[in-house]
Amino acid sequence: MLTKDTAICISVVDYSETSQIVTFFARAAGKISAIAKGSKRPKSAFDGPIEIFSYGKIVFSDSNKEKLATLTEFEFAYGSAGFTGLSNNLFTMNCCLFSAELLNKFTHDYDPHPQLFDDFLQFLQNSQEGNKKTEMLALLILFQLSLLKEVGLRPVLNACVNCKTRYEGRKTRDEIYFSSSANGLICRDCEGAFPDRIRLTETAADCLANLKLIAESQEKTLIEIETVLVHHFTELLGRKPKMAKYILTL
Ligand SMILES: [Zn+2]
């Protein structure tokens, strides 16, 4: 059976001299891996080799979901350009590769997440436009939080996870922590029960409690938040994501 979908390439490896194995994040189907036979031949059904972040309409056969699907058509959106502009800036490219790695790790084959697809597409479009380091960090953090939300792991960031005291109602200058095991913020009264807690600066906690502040935050605050998120992803995955070291170089 042939299935049509709209998809973004989130990983690609060579399979042979002429073929590739491509992992797509597809809007209706979710994540799929497919063999693109002959994609590296000069004249193929796919306008040349498929690159990471290629985006467009795909047709694939998925008669047996246990096996690799076969890609039969791929028509690039935007003519044949896709998101080629991302590779002009190394930090931007690394942020996009990091997002693709997390998307790959936190979604399952044939498990559709159309909202997450739209968020990822928007993230790539925004990344293509703005490429200052602070802008990219802000985009990355917001995408990572929407990823966690869409896969059912949304952290609690507006109240203490343990005692439910709202962050906005706290006494000024109270200490605030993030705990990966609790999946959210922990207040000073509760912190003793969460040995994995990380102390947050007041500015970083403000940003997490009100995500609108992230876009205007300073680089050091964004780095602090990203460090907490990398720690959190590491705990969730049981290993550090590969691309993390290219984002947090300190
Ligand atoms: Zn508490």
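What you find for Ile10 and Lys31 is that their closest heavy atoms are CD1-CD, 4.3 Å. For Leu140 against Cys95, the heavy-atom pair with the smallest separation is CD1-O, 3.6 Å. When every heavy atom of Cys96 is checked against every heavy atom of Leu124, the shortest pair comes out as SG-CD2, 3.9 Å. Listed here is the closest heavy atom pair of Ser19 and Gly38: OG-N, 3.1 Å. Taking each heavy atom of Glu51 and Val12 in turn, the nearest pair found is C-CG1, 4.4 Å. Heavy atoms only, all atoms of each residue included: Thr6 and Lys57 are closest at OG1-NZ, 3.9 Å.
Under the 4.5 Å side-chain contact rule for hydrophobic residues, Ile176 and Leu145 share a cluster. Phe46 and Val59 are members of different hydrophobic clusters when ILVMFWY side chains are connected at heavy-atom separations under 4.5 Å. Tracing side-chain contacts under 4.5 Å through hydrophobic residues (I, L, V, M, F, W, Y), one never reaches Phe60 starting from Ile35; they form parts of separate clusters. Under the 4.5 Å side-chain heavy-atom criterion for Ile, Leu, Val, Met, Phe, Trp and Tyr, Val228 and Leu222 are members of the same hydrophobic cluster. Ile32 and Tyr15 fall into different hydrophobic clusters, where Ile, Leu, Val, Met, Phe, Trp and Tyr side chains are chained together by heavy-atom contacts under 4.5 Å.
Between the side chain of Arg197 and the main chain of Phe194, a donor-acceptor pair closer than 3.5 Å is present. When atom types are taken as modelled, the side chain of Thr92 and the backbone of Leu86 share no donor-acceptor pair closer than 3.5 angstrom. Remark: the backbone N or O of Ala26 is not paired with any side-chain donor or acceptor of Asp5 at under 3.5 angstrom. Glu224 places a side-chain N or O within donor-acceptor distance of the main-chain N or O of Thr201, the cut-off being under 3.5 Å. With hydrogens and angles ignored, the 3.5 Å screen pairs no side-chain donor or acceptor of Asn183 with any backbone N or O of Val156. For the pair Glu101 (side chain) and Pro241 (backbone), a donor-acceptor distance under 3.5 Å is absent. Judged by distance alone, the side chain of Asp196 and the main-chain N or O of Ser181 form a donor-acceptor pair under 3.5 Å. Between the side chain of Ser44 and the backbone N or O of Lys40 there is no donor-acceptor pair closer than 3.5 Å. Of the possible donor and acceptor atoms, one in the side chain of Ser217 sits under 3.5 Å from a partner among the backbone N and O of Leu213. At distances below 3.5 Å, not a single donor-acceptor pair connects side-chain atoms of Tyr110 with backbone N or O atoms of Gly30.
Aromatic ring pairs are classed by plane angle as parallel below 30°, tilted from 30° to 60° and perpendicular above 60°; the pair Phe143 and Phe120 is tilted. Ring geometry, Phe117 versus Tyr55: the interplanar angle falls from 30° to 60°, so the pair is classed tilted. Below 30°, between 30° and 60°, or above 60°: for Phe178 and His232 the angle between ring planes is above 60°, a perpendicular geometry.
Side-chain contact between Leu2 and Ser61: present, with at least one pair of heavy atoms (C-beta onward) separated by less than 4.5 Å. A heavy-atom distance below 4.5 Å is not found between the side chains of Ser179 and Val161. Residues Met93 and Ile52 have side chains in contact (heavy-atom distance under 4.5 Å, counting atoms from C-beta outward). At least one side-chain heavy atom of Leu200 sits less than 4.5 Å from a side-chain heavy atom of Leu185. Glu191 has its side chain out of reach of Arg199: every pair of non-hydrogen atoms, C-beta onward, lies at least 4.5 Å apart. Contact of the Glu150 side chain with the Phe106 side chain is not registered, since no non-hydrogen atoms from C-beta on lie closer than 4.5 Å. The closest side-chain heavy-atom distance from Phe91 to Ile247 is below 4.5 Å. Using a 4.5 Å cut-off on side-chain heavy atoms (C-beta onward), Tyr167 and Leu208 make no contact.
Leu139 CG to Gln144 CD: the interatomic distance, rounded to the nearest 0.5 Å, is 11.0 Å. Ser180 OG to Leu229 CG: the interatomic distance, rounded to the nearest 0.5 Å, is 9.5 Å. Leu121 contributes atom CG, which lies 11.5 Å from atom CG of Leu116 (distance to the nearest 0.5 angstrom). Once rounded to the nearest 0.5 Å, the distance linking CE of Met136 with CD of Glu226 reads 10.5 Å. To the nearest 0.5 Å, atom CD of residue Glu168 and atom CG of residue Asn158 are 7.5 Å apart. The CD1 atom of Ile225 sits 12.5 Å away from the NZ atom of Lys220 when rounded to the nearest 0.5 Å.
Between the side chains of Asp119 and Gln115, at least one donor-acceptor pair of N or O atoms lies under 3.5 Å.
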Worked verdict on Ile50 versus Leu71 for side-chain contact (heavy atoms from CB on, under 4.5 Å)
CA-CA 11 Å; Ile50 296 166; Leu71 189 69; 3.6 Å; yes
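Phe24 and Phe74 have their aromatic ring centers within a separation under 6.0 angstrom.
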